[in-house]
Amino acid sequence: MEGTSKILRRSVHTFLRNYPYFTTISASLALPFSAFFLISQAFFIPSSSSSSLLLPQLLRNHFQALFRAAGFPTSSGFFTILSLKLSETVTSSIFTLPLTTTFLLIAKSSVIRLIAQVKANPSLPYSLPPDLLSAYTRLLRTYVCGYLVILSANATTFFLLFLGFNCLEGFQLSAPEHSLLSPVVAAIVYSVIIANTFIICNLALVLSGIEKHGGSLAIIKAYLMMRGRRATALSVAVIGNFALAATEALFRYRVVAPYHASGSFSLGILLEGCYIAYLYSVLIVLDTIVTCTFLRSCQVEDLINCEDKFYCQIQILEATDGPYDNSLKNTDPLLNSES
């Protein structure tokens, strides 16, 4: 398996080689989603100091009441932050859902199909791929299935946390040292499960754009391809998410903060906001390229493993000068290690 640095270098090389297409067509397709997403993060989402919007505050109160009813230690900082972030995520998802299912998926489809076509025919002109609509349909099916998988992963994680905290109370392990340690363990468990779920769903989107199937089948195949490669996938995803989060913070600092200070937008703030939204679109395109490169690395490794195993079988067949005998499998340590 290729390392994280090599995957990133190959992704940047692919981006620069097709720079005009990615920075004009693909980034422009993702720009409406990026602009509305940044606005929703900055204006539709209440901060911890001012929560004047009705829907996010209602969701936050609902999550806190649900955590208290489940027996979670809501006095800890983890569940306070979790209820706030869940309310922000749900509110942002509701506001950006129409643009997510249209502009964002179309932009991802344009990136995925161009990479697949350029690999097959490097002399193709930079234009929208002819099979963009079919690829978008597969991505949409996969996105809906992935949305359900993420909801199921959250519900399963909360159920496991509910069992864990109630077992601690049942065994009377509510000492101060346990009350400090249990939220930390809960944060680790929740983060690992949700991070792996998001990575699998993101990989399934790219897989459905490259291959001729989507929906639940793409998610299952992405899960199988992740086995043994979770460390590399997590490191790649962390770098991409950190870049996107830094851009969101830049938008809050350069656009939202001056707006709250003056109460109005100036021409400079509007132009800077448009530039940051475009930068966010380029990062979305680059993140899709990184996922395509990671997927290609997984496919090449699987192909090499299959060829090595087939080569070992050919060597055994030539040595016996007859049909393949399964009894020889136990005497060949190389073949046993592959199987």
Side-chain angles (χ1 to χ4, degrees), residues 7 10-38 93 96-150 198-222 225 236-237 240 244 274 277-299:
I7 291 176
R10 288 180 55 193
S11 302
V12 172
H13 174 71
T14 303
F15 176 77
L16 295 178
R17 187 178 57 187
N18 306 284
Y19 181 81
Y21 177 86
F22 290 140
T23 56
T24 54
I25 298 178
S26 298
S28 299
L29 289 173
L31 185 59
F33 164 80
S34 301
F36 200 77
F37 177 78
L38 292 174
S93 299
T96 59
L97 183 61
L99 296 179
T100 302
T101 54
T102 52
F103 287 100
L104 178 62
L105 294 184
I106 292 175
K108 285 180 175 289
S109 301
S110 67
V111 175
I112 296 168
R113 292 313 305 163
L114 178 85
I115 292 176
Q117 291 184 5
V118 167
K119 188 175 292 295
N121 188 3
S123 61
L124 285 175
Y126 289 144
S127 61
L128 285 176
D131 56 349
L132 180 64
L133 182 59
S134 60
Y136 165 73
T137 305
R138 296 194 299 271
L139 259 72
L140 182 59
R141 293 202 310 267
T142 307
Y143 178 81
V144 173
C145 294
Y147 199 84
L148 297 177
V149 169
I150 292 173
F198 272 101
I199 292 173
I200 291 173
C201 293
N202 192 27
L203 185 62
L205 281 177
V206 175
L207 189 63
S208 62
I210 293 177
E211 301 186 355
K212 301 301 181 181
H213 54 74
S216 59
L217 182 60
I219 295 177
I220 294 173
K221 191 170 183 180
M225 294 185 68
V236 169
L244 293 174
C274 293
Y278 175 76
L279 177 62
Y280 196 85
S281 302
V282 173
L283 289 177
I284 290 176
V285 172
L286 187 56
D287 181 70
T288 307
I289 297 173
V290 171
T291 308
C292 291
T293 306
F294 174 76
L295 177 62
R296 176 62 180 170
S297 177
C298 295
Q299 291 175 338

**Item:** Contact summary for L207 and A218, nearest pair of heavy atoms
**Value:** CD2-O, 3.7 Å
**Item:** Closest contact, heavy atoms only, I210 versus L295
**Value:** CD1-CD2, 3.5 Å
**Item:** T102 side chain reached by F33 side chain, heavy atoms, under 4.5 Å
**Value:** no
**Prompt:** Any side-chain heavy atom of L104 within less than 4.5 Å of one from F37?
**Reply:** no
**Prompt:** Is the shortest heavy-atom distance from the side chain of L203 to the side chain of F198 under 4.5 Å?
**Reply:** no
**Request:** Find the distance between CZ (F103) and CD1 (I284) and round it off to the nearest 0.5 Å.
**Result:** 13.0 Å
**Request:** With the side chain counted from C-beta on, respond yes when V206 and V111 share a heavy-atom pair under 4.5 Å apart, and no when they do not.
**Result:** no
**Prompt:** If you round to the nearest 0.5 Å, how far is OG1 of T291 from CG of L205?
**Reply:** 9.0 Å
**Request:** Indicate yes or no: at least one non-hydrogen side-chain atom of Q117 is less than 4.5 angstrom from one of P130.
**Result:** yes
**Message:** Which heavy atom of C201 sits nearest to which heavy atom of I150, and what is that distance?
**Reply:** SG-CG1, 4.0 Å
**Request:** For R113 and A135, indicate whether the former's side chain and the latter's backbone hold a donor-acceptor pair under 3.5 Å.
**Result:** no
**Message:** Run the side-chain contact (heavy atoms from CB on, under 4.5 Å) test against S28 and tell me which residues pass, sequence neighbours left out.
**Reply:** none
**Message:** Side chains of I115 and R296, heavy atoms from C-beta outward: is any pair under 4.5 Å?
**Reply:** no
**Fill in**
Taking every heavy atom of T101 against every heavy atom of P98, the minimum-distance pair comes out as OG1-O, 3.2 Å
**Asked** Hey, does R141 have a side-chain heavy atom less than 4.5 Å from the side chain of T137?
**Response** yes
**Donor-acceptor contact present, side-chain T23 to main-chain Y19, <3.5 Å** = yes
**Prompt:** Is there a donor-acceptor pair under 3.5 Å between the side chain of Y21 and the backbone N or O of S110?
**Reply:** yes
**Prompt:** About how many Å separate SG of C145 and CG of L217, when rounded to the nearest 0.5 Å?
**Reply:** 10.0 Å
**Fill in**
Output for pair (I112 CD1, S26 OG), nearest 0.5 Å, gives 10.0 Å
**Message:** Looking at G215, is its backbone amide N or carbonyl O close enough to the side chain of T142 to form a donor-acceptor pair, meaning the two atoms are under 3.5 Å apart?
**Reply:** yes
**Request:** Report the distance from atom SG of C292 to atom CD1 of I7, rounding to the nearest 0.5 Å.
**Result:** 12.0 Å
**Fill in**
Closest non-hydrogen contact found for V285 with A27 is CG2-N, 4.0 Å
**Fill in**
Residues S109 and L132: closest non-hydrogen pair is CB-CD1, 3.5 Å
**Message:** Before you tell me yes or no, could you show the steps for F15 and V282 under side-chain contact (heavy atoms from CB on, under 4.5 Å), namely the whole-Å CA-CA distance, both residues' side-chain angles and the distance that decides it to 0.1 Å?
**Reply:** CA-CA 10 Å; F15 176 77; V282 173; 3.8 Å; yes
**Message:** Rounded to the nearest 0.5 Å, what separates atom OH in Y136 from atom CG in D131?
**Reply:** 15.5 Å
**Asked** Is the closest basic N to carboxylate O distance between E211 and R138 below 4.0 Å?
**Response** no
**Request:** Decide yes or no for N202 and D287: does some side-chain heavy atom of the first lie under 4.5 Å from some side-chain heavy atom of the second?
**Result:** yes
